[in-house]
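Numbering of ligands and ligand atoms starts at 1, following listing order.
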Amino acid sequence: MLDKKVADLLNTQVNKEFYSAYLYLDFANFYVEQGLNGFANWYQVQAQEERDHALLFVKYLQNNDMPVTLEAIDKPNIPLKNNMDPLQAGLKHEQYVTSLIHTIYDAAYEIKDFRTMQFLDWFVKEQGEEETNASDMIKKMEIFGSVAKGLYLLDQELAARAYSAPSLTL
Ligand code: FEO
C-alpha cells in the first residue's frame with residue numbers, strides 16, 4: 001500500500017500525462033493545418049509518449065494495489081497563432097510537468113518511500129530530455145524557421161521522428 005498523499009499525487013499525474021497527450025495532439029493538428037506535416041508528426045509521436053507515461057503511472061498504482069480514478073481531461077486551450085507558439089508552449093508545459101514530478105518525488109522522499117522514488121527516477125531523467133528537446137526545437141526554429149527553405153528542411157527533419165515504446169517497463 002502506498003501513502004495516501006503519494007497515491008493521490010500519482011493518480012493526479014495520470015490525468016496530467018493524458019492532458020499532455022491531448023495538448024500535443026492539438027499542436028499536431030495545428031501544424032497539419034499549416035501544411036507542416038513533419039512538425040505534426042513530431043507532436044503526434046510526443047502525444048503517444050505522453051499516453052505511455054499516463055499508462056506507466058496507472059500500472060505503478062495497480063502494482064501497488066491502489067485503485068485508479070480517471071478524471072475528465074481538460075480541453076487544450078492554448079492559443080496558437082504562429083509556428084513558434086506550440087514550441088514555446090511545449091517548453092513551458094514540460095517545465096510545469098517537471099515541477100509536478102518533483103512534487104511527487106518530494107512527497108515520497110519525505111516518508112522514505114524508496115520504491116516510488118526509484119520509479120520516479122526514470123521520469124526525472126525523461127523530463128530533462130523533454131525539456132532539452134523542446135528548447136532545441138525553439139532554437140532551430142529561431143535559426144532556420146524564418147526562411148522558407150530552412151522551414152522546409154526543418155519540417156523534413158521532424159518528419160523522421162518515429163515512435164518507440166518507453167524504456168521503462170513495470
Ligand atoms: Fe510526460 Fe512530456 O512529460
Which residues pass the ring-ring contact (aromatic ring centres under 6.0 Å, His included) test with F39, sequence neighbours left out?
Y31
Can you check salt bridge (charged side-chain N to carboxylate O under 4.0 Å, His left out) on R161 and E49, steps first, answer last?
CA-CA 12 Å; R161 184 181 187 191; E49 284 200 1; 3.2 Å; yes
Please list, in chain and residue-number order, the protein N/O/S atoms closer than 2.8 Å to atom 2 (Fe) of ligand 1.
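Protein N/O/S atoms under 2.8 Å of atom 2 (Fe) of ligand 1: E50 OE2, E94 OE1, E94 OE2, E130 OE1.
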More than 12 heavy atoms of other groups within 6.0 Å of Y163 OH
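Enclosed: over 12 neighbouring heavy atoms sit under 6.0 Å from OH of Y163.
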If we ignore angles and hydrogens, is there a donor and acceptor under 3.5 Å between the side chains of N29 and Y43?
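Per modelled atom types, N29 and Y43 side chains form no pair under 3.5 Å.
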Run the side chain to side chain contact (heavy atoms under 4.5 Å, CB included) test against A134 and tell me which residues pass, sequence neighbours left out.
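Side chain to side chain contact (heavy atoms under 4.5 Å, CB included) list for A134, sorted by chain: L91.
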Write out all pairs satisfying ring pair (Phe, Tyr, Trp, His ring centres under 6.0 Å) with one or both partners inside residues 45-72, taking only residues at least two apart or from two chains.
H53-W122, H53-F123, F57-F119, F57-F123, Y60-F119
